[in-house]
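Note that the numbering runs from 1 along the sequence shown for the chain.
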Amino acid sequence: MIVAEGVPELGELFNFRTGLWGIPGFSWSVLSMAVAFVLVAVFMLTVFRKQAVIPGRYQLVGESVIGFVRNDVAAQVIGHDSERFVPYLTTLFLLIFGFNIMEITPGISFPATSKIAVPLFLAILSYLVFNFQGLRVQGVLHYFKNIAFPPGVPWWLKPLLLVIELLSILVIRPITLTLRLTFNMLAGHLILSLVGVLCAGLWAASFKAVFLPFAIVIGTALTGFELFVAFLQAFIFTILTALYIGGALNPEH
């Protein structure tokens with residue numbers, strides 16, 4: 001963990017004003033998204049620009065990411081019709097991971113996904129994708145019928161499920177996708193910031209020799225943990241999106 005001068009303060013998490021560095025419409029969240037988007041775009045454009053028969057390390061990393069999303073997410077969750085969703089799921093995974101790791105990027109130290117508007121936009125996008133696919137494959141009547149009355153449900157449970165399923169699929173899913181990602185990244189940023197402030201305060205109090213090992217160990221451990229959380233939250237968001245797409249395409253499952 002690097003506590004650098006010029007990184008956003010804790011209050012920036014709840015500040016929706018713009019004008020960072022005097023640039024209208026610019027903010028820490030916009031900067032975080034822009035840097036992450038550029039990194040993801042450069043990675044995707046360069047890793048597959050010239051594919052070798054025997055891949056080097058860089059190409060192998062790219063192929064591993066694609067293979068992970070294709071085999072361990074799309075194929076396992078969606079099934080036989082999963083291949084056409086691999087580009088969307090891969091892009092979604094990489095973007096969320098990129099937005100998340102801005103939390104531990106020196107000079108930025110601010111995850112774009114800690115601002116609720118970013119996860120909300122991604123959740124709405126996934127919401128539109130899986131609902132569109134359900135409507136396209138099943139038709140309007142069958143889609144809403146299968147949502148309200150899942151196949152194989154006893155008749156006496158159908159009135160209760162009518163409300164539960166409609167709320168779950170049409171309302172609760174995008175909300176839970178949004179809040180899960182937002183709160184996890186918000187909590188991680190708060191913890192890193194608070195520990196950074198504590199270590200800086202101890203350092204300024206002339207206890208350098210005593211607390212330097214403490215600051216290094218705690219900072220390194222938390223940074224590694226937040227890297228894992230960044231990956232985990234990107235994976236969870238992506239696999240839930242795949243799960244919702246699979247349910248829309250195959251309501252019997």
Side-chain angles (χ1 to χ4, degrees), residues 37 40-41 43-44 47-48 62-100 113 116-184 230-253:
F37 182 81
V40 170
F43 172 75
M44 294 301 294
V47 76
F48 296 116
E63 292 179 355
S64 298
V65 172
I66 301 294
F68 169 73
V69 175
R70 175 183 286 116
N71 301 322
D72 297 330
V73 177
Q76 294 291 333
V77 176
I78 298 176
H80 69 280
D81 200 24
S82 63
E83 190 64 30
R84 60 196 181 93
F85 297 103
V86 171
Y88 172 70
L89 294 175
T90 303
T91 303
L92 186 66
F93 172 77
L94 286 174
L95 278 179
I96 295 176
F97 181 66
F99 292 160
N100 290 349
T113 41
I116 195 169
V118 177
L120 178 61
F121 172 78
L122 297 172
I124 291 174
L125 190 61
S126 292
Y127 174 82
L128 293 176
V129 168
F130 77 76
N131 277 301
F132 173 78
Q133 292 300 322
L135 292 170
R136 183 186 65 83
V137 172
Q138 300 181 49
V140 177
L141 292 179
H142 281 88
Y143 181 59
F144 284 102
K145 177 184 176 182
N146 287 326
I147 288 177
F149 308 113
V153 174
W155 64 268
W156 52 273
L157 274 179
K158 288 185 176 180
L160 178 61
L161 286 178
L162 173 63
V163 177
I164 294 175
E165 292 298 322
L166 285 176
L167 282 175
S168 172
I169 295 178
L170 300 180
V171 178
I172 296 176
R173 282 185 178 179
I175 294 176
T176 55
L177 279 175
T178 300
L179 297 183
R180 181 184 293 107
L181 180 56
T182 303
F183 288 159
N184 275 282
F231 168 81
L232 182 63
Q233 291 306 313
F235 171 72
I236 290 174
F237 197 104
T238 306
I239 201 169
L240 285 176
T241 298
L243 182 66
Y244 297 156
I245 293 173
L249 296 177
N250 307 290
E252 66 277 6
H253 297 157

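Contact of the Thr182 side chain with the Thr113 side chain is not registered, since no non-hydrogen atoms from C-beta on lie closer than 4.5 Å. Looking at heavy atoms from C-beta onward, Phe97 lies out of side-chain contact with Phe235 at the 4.5 angstrom threshold. Taking 4.5 Å as the limit, some side-chain heavy atom of Phe144 sits within range of a side-chain heavy atom of Leu170. The shortest distance between side-chain heavy atoms of Leu249 and Phe85 falls below 4.5 Å.
Between atom CG of residue Leu243 and atom OG1 of residue Thr238 there is a gap of 12.5 Å, rounded to the nearest 0.5 Å. Considering OG1 of Thr241 and CZ of Phe93, their distance stands at 12.5 Å, rounded to 0.5 Å. Within the model, atoms CG of Leu122 and OG1 of Thr91 stand 11.5 Å from one another, a figure rounded to the nearest 0.5 Å. The structure places CG of Leu125 at 7.5 Å from CG of Leu92, a figure rounded to the nearest 0.5 Å. Note that CD1 of Ile164 is 11.5 Å distant from CD1 of Ile169, once rounded to the nearest 0.5 Å. Here the CD-CG distance, from Gln233 to Leu181, works out to 6.0 Å after rounding to the nearest 0.5 Å.
With sequence neighbours left out, the side-chain contact (heavy atoms from CB on, under 4.5 Å) criterion links Leu120 to Ile124, Thr178. Remark: Ala242 engages Val73, Val77, Ile78, Leu89 in a side-chain contact (heavy atoms from CB on, under 4.5 Å) (not counting sequence neighbours). Considering only residues two or more places apart in sequence or on other chains, Leu177 meets the side-chain contact (heavy atoms from CB on, under 4.5 Å) condition with Ala123, Arg180, Phe237, Leu240, Tyr244. Considering only residues two or more places apart in sequence or on other chains, Ile172 meets the side-chain contact (heavy atoms from CB on, under 4.5 Å) condition with Leu167, Thr176.
Closest heavy-atom contact between Pro119 and Ile116: CD-O, 3.4 Å. Heavy-atom minimum distance, Ser82 versus Ala75: OG-CA, 3.6 Å.
Geometrically, Arg173 engages Phe130 in a cation-pi contact defined by less than 6.0 Å to the ring centre and at most 45° from the axis.
The backbone N or O of Pro87 sits nowhere less than 3.5 Å from a side-chain atom of Thr90 that would complete a donor-acceptor pair.
Identified under the salt bridge (charged side-chain N to carboxylate O under 4.0 Å, His left out) test for residues 84-99, with sequence neighbours left out: Asp81-Arg84. Legend: side-chain hydrogen bond (donor to acceptor under 3.5 Å, both in side chains) pairs involving residues 70-80, not counting sequence neighbours, sorted by first then second residue: Arg70-Glu83.
Other residues, nucleotides and ligands contribute over 12 non-hydrogen atoms within 6.0 Å of the CZ atom of Phe231.
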(message) Walk me through whether Ser126 and Tyr88 qualify under side-chain hydrogen bond (donor to acceptor under 3.5 Å, both in side chains).
(response) CA-CA 9 Å; Ser126 292; Tyr88 172 70; 2.8 Å; yes
(request) Please test Tyr143 against Val137 for side-chain contact (heavy atoms from CB on, under 4.5 Å), starting from the C-alpha separation and ending with a verdict. (result) CA-CA 8 Å; Tyr143 181 59; Val137 172; over 6 Å; no
